[in-house]
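To start, the structure itself, in structure tokens.
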Amino acid sequence: MLNVTKLTFDHETAPVGLDHAPVFGWQLTGDCRDIRQTMAQLQIAMTPDFAAPVFDELLPGKNSIAVQAAGFAPRALTRYYARVQIKADTAAGLQTSDWSAPGSFVTALLDPERKWRAAFISAEDADTCRESSAGTMVRGDFAVRPGIRAAYACTTALGLYNFYLNGTKVSTDEMTPGWTSYNRRLLYQTYDVTALLHPGTNRAGAMLGAGWYKGVMGLTRARNNYGDRTAFSMQLTLQYDDGTTEIVTTDASWQGTIAPVTFSEIYHGEEYDAALELPGWADAAAPNAAPAGRWHGVETVTYPAAQLYAQAAGKVSVRNRLPAQRIFTTPAGETVVDFGQNMAGRVEITATGGPGDVAELRCFEELDADGNAYLANLRKARTIMRYKFAQPGTVTWHPQFTYMGFRYALVVQWPGTPRAENFTAYTLHTAMEPAGQFQCSEPLVNGLHHNITWGLKSNFLDVPTDCPQRDERLGWTGDAQIFSETACWLADTWTFYTKWLTDLVADQLPDGGVTNVVPNIEEHHTEGNWLMRTSPYGMSGWADAATIIPWVVYKMYGDASILRNQYASMCRWVDFMTAHTRGDLFTFMTQLGDWVALDAEPGSFFGATPTALTSQAYYALSARILALTASVLGKAADTEKYTAVYKNAKDAFIKNFFDAEGTLTAQTQTAHILALRFDLTPEKWRAKTVQRLLQLLDECSCTVKKQATENNR
């Protein structure tokens, strides 16, 4: 029997908030061999019974990924259902499947530049908030008539937010609206909130934190990088059975106040004062027990609606729950909680205390050689979480607007005696389905795979970061491109990468140069850090993320839409490199090359491989990728143009970095690996290059063994 399973819409199973017609996909299963799809029928309807399809077409061909429904024009803020039936040639003959189980997707506002009416409202005082990282709350009441059919809330914030309706947190999303190049692009989230509303008076509310928007961030540790006031915006659309629609928005009539979150930043953690809690603050049915004057008017903050973009999937959420494995005392007398796994996320505590008591932890990754808490690799990051009691009792609490990279938690203060059952770790990262599982008979290989997988989880929190623990956590483009293929093998990263690559385009400079970090939080602070001052952008191996990642994702998913979306950016980057060649070699400012390589001179970050070699290798690779991309997209003239660029770059590499006998002038592992991996070695010298690489690897292995022997004496 033939079956159609796992319908996807833009590679997601149930996205909410699509601002375009998605591409469709599905999987085939059957009890016979040699199944080859020959035709598919795709139906799209606004009801799950498909009584009146808005799209019903036979789609000839074998394609079951990135299938386009030509002519389907979705309406805004509408739930659509889709199903598929296919015909296939099989070893048992021609078969027709039953209809698949229906899948669904929800559209967003579609045209926020013209349709977004909601104001951005702030509870912060413009004169005093610049140096504050305290949380705030905003709320507003609205009426709902009987007969509501559907309700969709479009929400976003300058800063981080949690959204509530009638006292209930609307979703399991965390760290929304994520980190983008806020001054150019801000994501908004769409939620189906029909079940959370009732006839009569309802209340919407949001709690906000500084987050990436205004907290201390970046190599220069500057604050207010994008703005100095957090603000929330909501546009709620109410659709009634009688066909009418009402729109509720944030505006100057809303109220604001301080939140119990008295401090929250990405690097430094979060502090919470329970004395500032207002029970039922976001619930219209709750009695108003706020002290007189606690709630006050809000101010509006300007943000252009043209820079709002819908986010349908790929949001951060809690992904794993890890109870504490043990709690112990270090040789220095410190109390430490061990969760048994390095991760990125937060700790939830359960503690019993009285007024004024404090429960405080500091998260960290490793113990030092003596078994004490090792904090040096955190640099300036405080990574604290602190809860202050207001009344006697037992509470369960966790931070809301921060995350840490950690395995351990140092107990700084605790009411009573801490026990392992008081602590639970929760991982946070972008929602990505595992691509598969791997296990073999060699424990070391299994351990390596385990560590790589957890490295992905820890560094894929909305952007591909370099590290989850210290005062950096930036979207370094070099780290992102080198890991991209591995990431695609481990998890379904389509949505993650397409989101981040859009930010790469937003931050790409007018001359085509690509920034070192995306989002480019350092763009106004390059003079404050020596690395950004000498190498602010255009670094080969880093900026080549603009070409490498789209090509990797295309190869892994077979969906050329990512190439179409990124093509102009890819061209601009390769053209930038071409414009900065001398003697056919790419050269621009101070290149980073083989950064922090083991063969670097003591005290230097630059490896022994000449940066001119690594830069030219990546120039040739990007030109080759672009030529292949142009061919996939049917751009014949560009295919010819960039094939010539690639040939010139490769010829220049051979001319400058091989001698007449076919020996690489740089006798490093990196030089040989790049020459082979990027196909820059003439065929007649390939065997020789391979042999020399093996010798270099063997020499390195002998050196390591010798050093290990000496260290053990």
Please report the closest heavy-atom contact between [X] and [Y], naming both atoms and the distance.
X: Val4; Y: Ser97; result: CG2-OG, 3.5 Å
X: Leu165; Y: Val170; result: N-CG2, 3.8 Å
X: Asp283; Y: Arg203; result: O-NH1, 3.2 Å
X: Pro464; Y: Phe496; result: N-CZ, 3.4 Å
X: Phe406; Y: Cys363; result: CB-CB, 3.6 Å
X: Val632; Y: Ala560; result: CG1-CB, 4.3 Å

Any donor-acceptor pair under 3.5 Å from [X] side chain to [Y] backbone:
X: Gln307; Y: Asn183; value: yes
X: Thr477; Y: Trp542; value: yes
X: Ser100; Y: Val84; value: yes
X: Asp10; Y: Pro22; value: no
X: Thr107; Y: Thr78; value: yes
X: Gln27; Y: Lys6; value: no

Please indicate whether [X] has more than 12 foreign heavy atoms, meaning atoms of other residues, nucleotides or ligands, lying under 6.0 Å from its [atom1].
X: Arg117; atom1: CZ; answer: no
X: Lys169; atom1: NZ; answer: yes
X: Trp99; atom1: CH2; answer: yes

| said: Please evaluate residues Glu270 and Arg346 with respect to the criterion salt bridge (charged side-chain N to carboxylate O under 4.0 Å, His left out), reporting the C-alpha separation (whole Å), side-chain torsions for both, the decisive distance (0.1 Å), and the verdict. | reply: CA-CA 10 Å; Glu270 190 161 301; Arg346 64 195 184 199; over 6 Å; no

Could you give the distance from [atom1] ([X]) to [atom2] ([Y]), rounded to the nearest 0.5 Å?
X: Leu196; Y: Asp192; atom1: CG; atom2: CG; value: 9.0 Å
X: Ile562; Y: Thr502; atom1: CD1; atom2: OG1; value: 8.5 Å
X: Asp462; Y: Leu428; atom1: CG; atom2: CG; value: 11.5 Å
X: Phe24; Y: Leu42; atom1: CZ; atom2: CG; value: 5.0 Å
X: Asn202; Y: Asn166; atom1: CG; atom2: CG; value: 4.5 Å
X: Thr427; Y: Gln341; atom1: OG1; atom2: CD; value: 9.5 Å

- Run the side-chain contact (heavy atoms from CB on, under 4.5 Å) check on Asp34 and Asp89 step by step: do they pass? CA-CA 8 Å; Asp34 300 329; Asp89 286 327; over 6 Å; no

Mind checking whether [X] and [Y] have side chains closer than 4.5 Å, heavy atoms only?
X: Thr402; Y: Met404; answer: yes
X: Asp242; Y: Arg145; answer: yes
X: Phe483; Y: Phe460; answer: yes
X: Phe50; Y: Asp56; answer: no
X: Glu12; Y: Thr495; answer: yes
X: His429; Y: Leu456; answer: no
X: Leu626; Y: Cys571; answer: yes
X: Leu160; Y: Tyr213; answer: no

Exercise for review: Tell me, please, which residues at least two apart from Gln325 pass side-chain contact (heavy atoms from CB on, under 4.5 Å).
Suggested key: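 Not a single residue meets the side-chain contact (heavy atoms from CB on, under 4.5 Å) criterion with Gln325.
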
Give the C-alpha distance, both sets of side-chain angles, the deciding distance and a yes or no for ring pair (Phe, Tyr, Trp, His ring centres under 6.0 Å) between Phe9 and Tyr80. CA-CA 11 Å; Phe9 315 98; Tyr80 288 97; over 10 Å; no

Any side-chain donor-acceptor pair under 3.5 Å between [X] and [Y]?
X: Gln189; Y: Thr176; answer: no
X: Thr5; Y: Asn3; answer: no
X: Asn162; Y: Gln400; answer: yes
X: Thr515; Y: Asp507; answer: no
X: Thr180; Y: Arg185; answer: no
X: Arg319; Y: Ser317; answer: yes

* Asked: Gln37 and Ser64: side-chain hydrogen bond (donor to acceptor under 3.5 Å, both in side chains), yes or no, with the steps?
  -> CA-CA 8 Å; Gln37 177 183 306; Ser64 59; 4.7 Å; no

key: Working for side-chain contact (heavy atoms from CB on, under 4.5 Å), residues Asp19 and Leu109   = CA-CA 7 Å; Asp19 61 1; Leu109 202 56; over 6 Å; no

Name each donor-acceptor pair under 3.5 Å that joins a side chain in residues 544-558 to protein atoms two or more places apart or in another chain, with its distance.
from, atom 1, to, atom 2, distance (Å)
Asp544, OD1, Trp573, NE1, 2.9
Asp544, OD1, Ser622, OG, 2.5
Asp544, OD2, Gly541, N, 2.6
Thr547, OG1, Asp544, O, 3.0
Thr547, OG1, Ser622, OG, 2.7
Tyr557, OH, Asp492, OD1, 3.0
Tyr557, OH, Thr493, N, 2.8
Tyr557, OH, Trp494, N, 3.4

Apply salt bridge (charged side-chain N to carboxylate O under 4.0 Å, His left out) to the pair Asp503 and Arg184, showing each step before the final yes or no.
CA-CA 9 Å; Asp503 284 307; Arg184 302 179 180 95; over 6 Å; no

- Query: Centroid-to-centroid, Trp116 to Tyr188, below 6.0 Å?
  - Reply: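 Yes, the ring centres sit under 6.0 Å apart.
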
Val106 and Tyr191: CA distance, side-chain angles, deciding distance, side-chain contact (heavy atoms from CB on, under 4.5 Å) verdict: CA-CA 9 Å; Val106 176; Tyr191 299 109; over 6 Å; no

Determine all donor-acceptor pairs shorter than 3.5 Å in which one atom belongs to a side chain in residues 147-159; sequence neighbours excluded.
from, atom 1, to, atom 2, distance (Å)
Arg149, NH2, Gln239, OE1, 3.2
Thr155, OG1, Tyr161, OH, 2.8
Thr156, OG1, Leu187, O, 2.6

Applying side-chain contact (heavy atoms from CB on, under 4.5 Å) to Val463 and Arg473, what does each step give before you reach the verdict? CA-CA 9 Å; Val463 302; Arg473 312 186 205 180; over 6 Å; no

